[in-house]
Amino acid sequence: MHANALGDLESIGAGEWEGRTALLSPFDNLINDRRLTQRLWGVAFRNEMYLPKAKREYGYYLLPILHGDRLVGRISPASTGAGGLTVEGLYLEADVQPTAPLRRAVPAELAELATLVGAADVEYGDTMPERWRSALHRSGARRCPATADGLGPAATRRPPERRW
């Protein structure tokens with residue numbers, strides 16, 4: 001543990017810890033070992049970038065969503081190629097409800113990710129929980145344009161070249 005985090009450790013010991021939401025790298029030590037991730041978090045996370053496209057369940061590059069002290073889901077981000085960030089899919093674990101705090105926290109983390117990669121905006125695809133989609137619609141979030149086949153970005157469209 002880093003010396004700067006000793007105050008956090010004391011807060012945890014005193015029962016005053018408050019979790020936050022973070023998008024984790026698929027290579028983060030918290031989820032690097034699939035068996036340990038399953039045992040600790042109860043989540044079967046697999047880095048799908050090494051799988052053939054036909055065998056992927058969620059997408060090429062997945063960022064697990066840590067909310068408080070739980071892994072609650074994963075997102076599949078991609079560059080739009082025009083200075084934007086597209087969330088091709090947002091997937092929650094089966095037992096997770098898209099609560100208002102979670103629906104506020106994840107877009108805030110995505111905005112930080114967009115800033116980090118130099119994207120001007122974040123667009124959302126069609127693959128996400130229905131209650132989440134309606135909340136984003138009410139907030140004025142941009143929806144990804146549909147592909148020529150009308151299926152949207154999370155369907156059969158060829159993935160963008162650049163990935164994070």
Side-chain angles (χ1 to χ4, degrees), residues 19-99 102-103 105-137 141-164:
R20 69 179 203 94
T21 301
L23 303 176
L24 303 177
S25 162
F27 305 106
D28 193 292
N29 287 334
L30 285 174
I31 56 155
N32 200 13
D33 182 323
R34 285 174 45 188
R35 284 177 288 198
L36 183 61
T37 301
Q38 177 71 42
R39 200 170 76 226
L40 289 176
W41 303 95
V43 171
F45 182 82
R46 177 169 58 178
N47 190 343
E48 296 185 356
M49 69 177 60
Y50 301 114
L51 295 176
K53 185 175 183 175
K55 291 189 176 190
R56 293 181 193 144
E57 186 176 355
Y58 299 104
Y60 175 81
Y61 193 80
L62 301 171
L63 302 178
I65 303 167
L66 177 66
H67 183 65
D69 61 354
R70 289 189 64 198
L71 287 177
V72 297
R74 59 203 87 199
I75 64 160
S76 178
S79 168
T80 63
L85 177 69
T86 296
V87 177
E88 293 181 334
L90 190 152
Y91 311 90
L92 296 180
E93 296 304 316
D95 64 336
V96 173
Q97 293 299 314
T99 63
L102 183 59
R103 289 192 313 260
V106 171
E109 288 299 309
L110 286 166
E112 284 189 31
L113 176 61
T115 299
L116 177 72
V117 300
D121 59 354
V122 178
E123 296 179 347
Y124 294 87
D126 291 329
T127 306
M128 68 179 57
E130 183 56 43
R131 286 179 57 198
W132 198 297
R133 183 185 350 273
S134 28
L136 286 169
H137 178 70
R142 289 183 50 194
R143 184 174 173 269
C144 296
T147 57
D149 58 12
L151 296 174
T156 58
R157 184 177 69 148
R158 182 172 171 241
E161 297 284 326
R162 186 170 152 207
R163 297 283 186 156
W164 291 280

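Positions are given from 1 along the sequence.
Note: K53 NZ to E48 CD = 12.5 Å, rounded to the nearest 0.5 Å. R74 CZ to I65 CD1: the interatomic distance, rounded to the nearest 0.5 Å, is 9.0 Å. Separating the CG atom in N32 from the CG atom in L24 is a distance of 11.5 Å, to the nearest 0.5 Å. Annotation: the span from L92 atom CG to I75 atom CD1 amounts to 11.5 Å, rounded to 0.5 Å. Atoms OG1 and CG, from T37 and N29 in turn, are 10.0 Å apart once rounded to the nearest 0.5 Å. A distance of 12.0 Å separates CG in L23 from CG in L62, rounded to the nearest 0.5 Å.
Every residue two or more places apart in sequence or in another chain that forms a side chain to side chain contact (heavy atoms under 4.5 Å, CB included) with D95 is listed here: R70, E93. The side chain to side chain donor-acceptor pair (under 3.5 Å) test applied to T21 returns H67, not counting sequence neighbours.
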Show the atom names and distances, to 0.1 Å, of all donor-acceptor pairs under 3.5 Å that link a side chain in residues 40-47 to residues at least two apart or in another chain.
unit_1 : atom_1 : unit_2 : atom_2 : d
W41    : NE1    : L30    : O      : 3.3
N47    : OD1    : M49    : N      : 3.4

Cut-off 3.5 Å, no hydrogens considered: what does the side-chain donor-acceptor table look like for residues 106-118, sequence neighbours left out?
unit_1 : atom_1 : unit_2 : atom_2 : d
T115   : OG1    : A111   : O      : 3.1

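For residues 23-39, no pair satisfies salt bridge (Lys or Arg N to Asp or Glu O under 4.0 Å), with sequence neighbours left out.
Here the shortest heavy-atom pairing between I31 and P64 reads CD1-CG, 3.2 Å. In plain terms, the two heavy atoms of L66 and D69 that are nearest each other are CD1-C, 4.4 Å.
At distances below 3.5 Å, at least one donor-acceptor pair connects side-chain atoms of Y91 with backbone N or O atoms of Y58.
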